[in-house]
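Have a look at the structure below, then the notes.
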Amino acid sequence: MSNVGKIKQIIGSVLDITFENGQLPEIFNALEIDLVKNGVKEKVVAEVQQHLGDNTVRAIALSSTDGIIRGLA
């Protein structure tokens, strides 16, 4: 099942990501974030650590968050 969220907030390696109603990933699930840096496609993996409420999860990026912006799907 493909579930797409949107980046709500970025603080260092901590990401808050909002999902549609009832579609929150489970804690410890991996999230994949696709981005393009300098013309090269990259994939950042983040692990869900907490359900914050308001259909939002808090995740920890397992690599650099450079290039990740708010609103990114």
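Using a 3.5 Å distance cut-off with no hydrogens or angles, the side chains of T18 and T56 do pair a donor with an acceptor.
For the atom pair CG (L15) and CG (L31), the distance works out to 8.5 Å, reported to the nearest 0.5 Å. Rounding to the nearest 0.5 Å gives a distance of 8.0 Å between CD of E42 and OG of S64. In this structure, the separation between CG on L52 and CD on Q9 is 9.0 Å, given to the nearest 0.5 Å. Annotation: the span from L72 atom CG to I10 atom CD1 amounts to 8.0 Å, rounded to 0.5 Å.
The two residues V45 and A30 come nearest to each other via the heavy atoms CG1-CB, 4.1 Å. Listed here is the closest heavy atom pair of G12 and T65: O-OG1, 3.0 Å.
More than 12 heavy atoms of other residues, nucleotides or ligands shown are found within 6.0 angstrom of CD on E47. The local environment of CG in D34 is crowded, with over 12 non-hydrogen atoms from other residues, nucleotides or ligands closer than 6.0 Å.
Although no hydrogens or angles enter the test, the distance criterion places no donor-acceptor pair under 3.5 Å between the side chain of H51 and the main chain of E26.
Tracing side-chain contacts under 4.5 Å through hydrophobic residues (I, L, V, M, F, W, Y), one never reaches I11 starting from I60; they form parts of separate clusters. Under the 4.5 Å side-chain contact rule for hydrophobic residues, L35 and V4 do not share a cluster. Under a hydrophobic clustering in which Ile, Leu, Val, Met, Phe, Trp and Tyr are joined whenever their side-chain heavy atoms come within less than 4.5 Å, directly or via other members, V36 and V40 fall into different clusters. Hydrophobic clustering (ILVMFWY, side-chain heavy atoms < 4.5 Å, transitive): V14 and I33 are in distinct clusters.
Residues N29 and V57 fail the side-chain proximity criterion, which asks for heavy atoms closer than 4.5 Å.
Residue D16 forms a salt bridge (Lys or Arg N to Asp or Glu O under 4.0 Å) with just one option from R58, R70, K6, and that option is R58.
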